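Residue numbering restarts at 1 for every chain, and letters A, B, ... go by the order of the sequence lines. These numbers were taken from a predicted model, which means no experiment stands behind them.
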Number of protein chains: 2
Amino acid sequence: MARAGLTAERLAVAGAELADEAGFDGVTVSELARRFGVKDASLYSHVKNLRELRQRVTLYAAGEFIDSIAAAIAGRAGKDALVAFADAYRAYALAHPGRYAATQHQVDPELLVGTTVLARTVDTTYGMLRAYGLTEPDLTDAVRLLRSTFHGYIALEAEGGFGHPREVQRSWDRGVQALHVLLEHWPRSEEGEKDDD
Amino acid sequence: MARAGLTAERLAVAGAELADEAGFDGVTVSELARRFGVKDASLYSHVKNLRELRQRVTLYAAGEFIDSIAAAIAGRAGKDALVAFADAYRAYALAHPGRYAATQHQVDPELLVGTTVLARTVDTTYGMLRAYGLTEPDLTDAVRLLRSTFHGYIALEAEGGFGHPREVQRSWDRGVQALHVLLEHWPRSEEGEKDDD
DNA sequence: CAGACAAACCTAGGGGCCCTAGGTTTTCGC
DNA sequence: GCGAAAACCTAGGGCCCCTAGGTTTGTCTG
């Protein structure tokens, strides 16, 4: 009988789909095996264990995620870029909740060698902020604040922590608006602040 | 032989401790039974299933959490209150990672009847912002933004998404500082903005 | 104080999941 | 066509969740 043609890569893709259907916790060796019409033991030739399987899903989703954001902010700067970034971020997270959840997990360094996801993510994020003219260490602080806010918003929304969807959309817009104002009024760290303490 | 004296409440407390040691995913019926020197089947007299057990942990942790924050901001207002809120928030999350993780999960409404956790949380949060003089719907938007930012920051920090701990502390301080500025410059929603669209 | 009754706890067992060890079949390069 | 690597399988152990139904413990009551 025809073989399923398993690959670590194909498992990651199927795992990403599964994640959107069943949550990141729902990506499981046995369910994935079931979908490929294969015994669960067969997956262990391509993947060390469940942990690695999930990390591959994370890696795959993170690539998709940052690419869709990069596409959205291409050719934009300043507030335009911020809004595009934010909207693309949220759109992906809402369209692919499981994949997005995957991106929030750590990946072992050894699995990262040879990939550019990390670098792309950093470049895209810092690039989006360029027009605000922040310099280190403010830039890093601002990036952290933005990542935190976006992630926190999506996490709360996904968890049902908010009310009406329409309302959430407007709150999000106003939150992004507020972040724009914040970036323009960013409290600089020049005076009376030690850099390494 | 002496009975263990199990209770839904005692299970929740023990579950909270277990969560800090083994993560929220680590709170498990069998491990908890082991700690009480009891067979796992025995827990099902006090708790419907694993799901309910974890929700009780969530509820317990959420109470602890909001109480420690409320204590921290008592008698403060404006920026003082904001900073106290933020620091208490992060301190609890770092001291009790598992409990904090628990607070981010949903609880079935039926389990909420008779408790005041939700109301206390809302009151404390809105109270903290009172001095900034925001009115609805800006107030709700601001609360959402703050919750998001705080949660996002802790989530990223816990996940190891940041670098050096010292650095994170300073970034956090500056982030809170920035949020204070933001609240003072909050873009009001009076003009040119539809309320229900 | 004895019996009754309701908790509290137990044994037995089914099903699901992860993972290992070692065997069989397919595929592919030579 | 043949040998070897790769793909897949069977068998089985261990852990976990959960149910059904029995036994023990404590408490309440007459």
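Whole-Å rounding puts the B:Leu43 CG to D:dC17 P distance at 9 Å. Protein atom CG of A:Leu6 is 5 Å distant from nucleotide atom P of D:dC8, rounded to whole Å. Remark: C1' of D:dC17 and NZ of B:Lys48 are 15 Å apart, rounded to the nearest angstrom. Protein atom CG of B:Asp25 is 15 Å distant from nucleotide atom C1' of D:dC17, rounded to whole Å. Summarising the geometry, the separation between CG on A:Asp40 and C1' on D:dC15 is reported as 15 Å, rounded to the nearest angstrom. Atoms CZ (A:Arg51) and P (C:dC18) sit 15 Å apart, rounded to a whole Å.
Aromatic ring pairs are classed by plane angle as parallel below 30°, tilted from 30° to 60° and perpendicular above 60°; the pair B:Phe24 and B:His105 is tilted. Between B:His185 and A:His185, the ring-plane angle classifies as tilted under the 30° and 60° cut-offs.
The side chain of B:Lys39 approaches C:dT11 more closely than any other nucleotide in the set C:dT11, C:dC17, D:dA11. When distances run from any side-chain atom of B:Leu50 to the nucleotides C:dC9, D:dC18, D:dT10, the shortest one goes to D:dC18. Nearest nucleotide to the B:Ser45 side chain, out of C:dC9, C:dT20, D:dC18: C:dC9. The nucleotide whose nearest atom lies closest to any side-chain atom of B:Arg34 is, among D:dA7, D:dC16, C:dC9, D:dC16. Residue A:Tyr44 places its side chain closer to C:dC19 than to any other of D:dA20, C:dC19, C:dA8. Checking C:dC10, D:dA7, C:dC18 against the side-chain heavy atoms of A:His46 singles out D:dA7 as nearest.
The backbone N or O of B:Asp173 sits nowhere less than 3.5 Å from a side-chain atom of B:Gln177 that would complete a donor-acceptor pair.
For D:dC17, the OP1/OP2 oxygens have a side-chain nitrogen or oxygen of B:Ser30 closer than 4.0 Å. For the pair B:Thr28 and D:dC15, the criterion of a side-chain N or O lying under 4.0 Å from OP1 or OP2 is not met.
Comment: A:Glu17 does not engage A:Arg99 in a salt bridge, judged by the lack of any side-chain N to carboxylate O separation of less than 4.0 angstrom. Between A:Arg174 and B:Asp138, at least one side-chain N (NZ, or NE/NH1/NH2) sits under 4.0 Å from a carboxylate O, which counts as a salt bridge.
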